[in-house]
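Quick note on labels: first sequence line is chain A, next is B, and so on, each numbered from 1.
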Protein chains: 2
Amino acid sequence: MTTIKDVSKLAGVSVATVSRVLNENGYVKEETKQKVKQSIETLEYKPNAVARSLYNKKSYTIGLIVPDIMNPFFPELARSIEDEMNVHGYTVILCNSDADAKKEEHYLDILKQKYVDGVIFVSHTLKQESIKEWGLPLVALDRPIGEDIPSVSVDNRKAARTAVEYLINKGCQSIAHICGPSFIPNANERYLGYLDAMQNTNQKNYEELIINGYYQWKEAEKSTYTLLKNNDSIDGIFAGNDIMALGVMKAAEAAGRKIPKDLQIIGFDGVQISEMLNPELTTMAQPIYEMGTKACEMLLERIEGNQVLETMSCFETRIIERSSTL
Amino acid sequence: MTTIKDVSKLAGVSVATVSRVLNENGYVKEETKQKVKQSIETLEYKPNAVARSLYNKKSYTIGLIVPDIMNPFFPELARSIEDEMNVHGYTVILCNSDADAKKEEHYLDILKQKYVDGVIFVSHTLKQESIKEWGLPLVALDRPIGEDIPSVSVDNRKAARTAVEYLINKGCQSIAHICGPSFIPNANERYLGYLDAMQNTNQKNYEELIINGYYQWKEAEKSTYTLLKNNDSIDGIFAGNDIMALGVMKAAEAAGRKIPKDLQIIGFDGVQISEMLNPELTTMAQPIYEMGTKACEMLLERIEGNQVLETMSCFETRIIERSSTL
DNA sequence: TTGAAAGCGATACCAT
DNA sequence: ATGGTATCGCTTTCAA
C-alpha cells in the first residue's frame, strides 16, 4: 500500500501539504497542488480509511441489524439502505440477529468497537435504556422502540383494519386472521386492527378465527389448513404478513378452496414475491424501499449533527389489489 | 470512549501491561493481571478496533459484493457468509453491484481503503488481471473468474443436462428452455447443458424453443407466454433459474396449461421460495448455504495464511422433486 | 504558503 | 515482570 509519505516524497513536499490538497482545506499554491496531484496519480495513491477514522473518530460505516436477511422483507430494506448510504459515501455492515437480544447486543458492542457512525436496526427486544447508553446515533426501523429512539414505521393497526375492511367490502362474511407472534409489536397491532374492523360486523365468532402463524410460512400453512378444515364458512383471511399469506394460499389449495372465489386473501407488507405468485396476492403494502431511505436520512441527520431532528416517521400503506381477492 | 490509557491509569500500570493482559501475550504477574482486569471491568473498556486495525493491518472485516441482494438467490448466500464469518470474529460489509463493472471496481477500491481482509464476490464482469493486481485475498462465488482466482460453484452444464434429462424421463416430448443472459457464464453453461441433453432426443426443433428470460421473472413470464401460445406441443420447460420458473408458471396458467399435467417445469437454484409456491417447484438445487460457508473457509485460509490452498471448489447439485413435474 | 510535530488508540520491541 | 517509546497512516495546530 502506498502511503501519504510516499506521495509527499515523490512530490517533494511534506505530508501536511499532501493532506491539504487531499482534503482541499488550507492554502496550497496552485503549482504545488498540481505536483501533488500528479504524484497521487502516478502512485495511484488512495488514503487509508482506517488511519483517517482513527483521527477523525468517524468511519463512514454504519451497522444494519436485521433479524434475518433471508426473510423476504429485509432484502429490499437492506438494498435501499445500502443504496442511500452509498450515495453519501458510507458503507454498510450487515448483521443478522435472529431477533435474539443477546446477539443484538453482541453486534452493538462490535459495531461500536469498529467505530461505526450509527446503526439502523429492526428489533423488538432491545430496550430504550440499553440503547440510550450505547451512545451512538440509532434509528429503529419497522419496530419502534420508544419515544426517545427515532423510528420509521407504519400505522400497523390502522393499516390492518383497512385491510380487513377491504375484505368486508368485497363481501366476505367470515374472516379469519393468521397473526404473527404477539410479542412482536407490529404483529400485535395488526391483530388489534383486525379486532377493530371485526367489531362492527355481524360476524360474532371472529375471536375463534384468530390463529398464530408465527410470521412463518410453514406454520401459517399448517394452522390455516386445520382452521379451514374445521370452519367451512370462512371466506376471507387476513394474513399478518405476506410470507404467511403464501402458506395460507397453499393451505387453501390443499383444503380445496378456490382463491378468490371461495376464499379471499389479503396479506401485509408488499414484498416482491407477493406479485410473482399464482394467483397474485392482494396485500397491504408498506413502502419498504422508501422507509429504508428515510431511515438513512434520519440517521445521517444525527450523524452529521444537523438540528432538524424528526423522531417518528410514519409512512402510509396502500392496498395493492391483485387476484387473491375479488 | 474509554481508552487503554484510562485503564492503565486506574490500574496504576503502563499501557503496555494492559495490552499484555488484553492480548494474553507476554508475562504479567497474576496480581497485576487481576488489577488490570478489574479496571477493564469497572470502566467497561472495549479496545478500539480501528486503532488495532491500523497497527495490525487487519480489520477483521470482509467485503461481500453481490449483484443485488433483492434477488432471492443472494440473501441465503449472504446469511451463510455472515454466519460463518461471525463465528470467526469477522464482520461483513454488504455491497450491491448491479453486475456493473464500474460499481464493482468502485467497491473494490473502497473496501481496500477500509482495510478489509478479503472479499467474496459474485461477478462475471471482473477480469482476472484487474483482480490480481488488487492485491488482497478474494474468492469468487457462483461465477468463477479464471484459473487463478479461487472459486466456489457448481457444474452448471452437467446439472442443467441432468435437469433436462429428468424432464425427458418424466415423459416430456417437447422441452423448451428459458435461458439467462448468455454473457453470464453460468447461464451459458446451463444453456449448453440443455443442448447436451436435447441432442440425444427425437425432438428436432429444440433450438427454436430456447428463449431469453434474462434471469428475470417478468421477462420470463412474457416470453414464455408467447412461446406457449405459438407452440401447442411444448410439454416441458427447463428454466435457467427459479425466479424465471416463477414467471413460467404464471405464463403457463395464463396460457391455460395445467402444471404438471400439460406442462412440466423444472427450475434451477433451489431458492427458498421455490417451495412456497403453488404448485411447488421441482428444481435443480445448489447447496447455497454450504457454498457460502465454503467460500468463507477458502477466504479465511488465505487471510490467515495457511498453506492448504484449495482453488476450485465444485459442489454437487441435486434435484428436489416437487409438484411442478409428474 | 509550507513544514514540523503532536495526537488518534493500540501493539510490540527494547530496556530495565 | 514491567515501562518507555516507536510505529501504524493521517489530520491539524502552531511556527516560520
Side-chain angles (χ1 to χ4, degrees), chain A residues 1-37 39-40 43-61 89 109-117 135-136, chain B residues 1-37 39-40 43-61 89 109-117 135-136:
Chain A
M1 243 340 229
T2 82
T3 75
I4 197 173
K5 218 168 174 177
D6 301 323
V7 176
S8 74
K9 265 183 208 143
L10 180 60
V13 298
S14 75
V15 294
T17 302
V18 177
S19 176
R20 279 185 198 106
V21 344
L22 236 40
N23 301 291
E24 296 181 317
N25 75 29
Y27 302 91
V28 38
K29 207 190 343 177
E30 187 55 33
E31 197 186 319
T32 16
K33 185 188 270 181
Q34 290 314 322
K35 259 195 311 191
V36 171
K37 285 199 168 173
S39 311
I40 289 176
L43 294 176
E44 292 186 37
Y45 166 72
K46 300 268 190 330
N48 178 327
V50 173
R52 276 188 161 170
S53 296
L54 183 58
Y55 187 92
N56 296 324
K57 297 182 184 312
K58 177 148 181 42
S59 62
Y60 284 97
T61 302
D109 274 353
I110 295 199
L111 291 171
K112 194 179 199 171
Q113 287 187 51
K114 295 218 174 181
Y115 253 68
V116 296
D117 301 323
L136 294 180
Chain B
M1 244 340 228
T2 82
T3 74
I4 197 173
K5 219 168 174 176
D6 301 323
V7 176
S8 75
K9 263 185 210 143
L10 180 60
V13 298
S14 76
V15 294
T17 303
V18 177
S19 177
R20 278 185 200 105
V21 345
L22 235 41
N23 301 292
E24 296 182 316
N25 75 29
Y27 302 92
V28 37
K29 204 189 345 176
E30 187 56 32
E31 197 186 319
T32 18
K33 186 189 269 182
Q34 290 314 322
K35 259 194 311 189
V36 172
K37 285 198 169 174
S39 311
I40 289 177
L43 294 177
E44 294 185 36
Y45 166 72
K46 299 267 191 330
N48 178 328
V50 174
R52 279 187 160 168
S53 297
L54 183 59
Y55 187 90
N56 296 324
K57 298 183 182 313
K58 179 147 179 38
S59 62
Y60 283 96
T61 303
D109 274 354
I110 295 197
L111 292 171
K112 194 179 200 173
Q113 287 188 51
K114 294 219 174 179
Y115 253 68
V116 297
D117 301 323
L136 293 180

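Checking the phosphate oxygens (OP1, OP2) of C:dT2, no side-chain nitrogen or oxygen of A:T17 falls inside 4.0 Å. At the phosphate of C:dT11, OP1 or OP2 sits under 4.0 Å from a side-chain N or O atom of B:R52. Residue A:N25 has a polar side-chain atom (N or O) positioned under 4.0 Å from OP1 or OP2 of D:dT12. Between C:dA10 and B:Y45, a contact under 4.0 Å exists linking OP1 or OP2 to a side-chain N or O. Considering only side-chain N and O atoms, B:K57 lies under 4.0 angstrom from the phosphate OP1 or OP2 of D:dG9. Between B:N56 and C:dA10 there is no side-chain N or O to OP1 or OP2 distance below 4.0 Å. A close approach under 4.0 Å does occur between a side-chain nitrogen or oxygen of B:N23 and OP1 or OP2 of C:dT11.
If you take NZ of A:K9 and P of C:dG3, they are 15 Å apart, rounded to a whole angstrom. When the C1' atom of D:dC8 is taken as reference, atom CG of A:D6 falls 13 Å away, rounded to whole Å. Residue A:Y27 contributes atom OH, which lies 13 Å from atom P of D:dT13 at whole-angstrom precision. In this entry the distance linking OH of A:Y115 with C1' of D:dC10 reads 14 Å, nearest Å.
For B:K114 and B:T61, the side-chain atoms include no donor-acceptor pair closer than 3.5 Å.
Using a 4.5 Å heavy-atom cutoff, the side chains of A:T17 and A:K35 are not in contact.
When distances are taken from the side chain of A:A16 to each of C:dT1, C:dA4, D:dC10, the shortest belongs to C:dA4. Taking only side-chain atoms of B:S14, from C-beta outward, the nucleotide of D:dG4, C:dG9, D:dC10 with the closest atom is D:dG4.
Residue contacts shown for A:T32 are limited to sugar-phosphate atoms, with no base heavy atom under 4.0 Å away. Using a 4.0 Å heavy-atom cutoff across all strands shown, A:S19 reaches at least one base atom of the nucleic acid. Across all strands shown, B:V13 has heavy atoms under 4.0 Å from sugar-phosphate atoms exclusively, and none from any base.
The residue from A:V18, A:V13, A:V7 that alone fulfils the side-chain contact (heavy atoms from CB on, under 4.5 Å) condition with A:S39 is A:V7. Of the residues B:D6, B:L22, B:I4, the one that meets the side-chain contact (heavy atoms from CB on, under 4.5 Å) test with B:V15 is B:I4.
Residue whose closest nucleotide on DNA chain D sits further toward the 5' end, between B:V28 and B:A51: B:V28. Nearest-nucleotide positions on DNA chain C for A:V15 and B:M1 put A:V15 closer to the 5' end. Looking at which nucleotide of DNA chain D each of A:N48 and B:G12 is closest to, the 5′-most match is held by B:G12.
The NZ atom of A:K9 sits 13.0 Å away from the OG atom of A:S14 when rounded to the nearest 0.5 Å.
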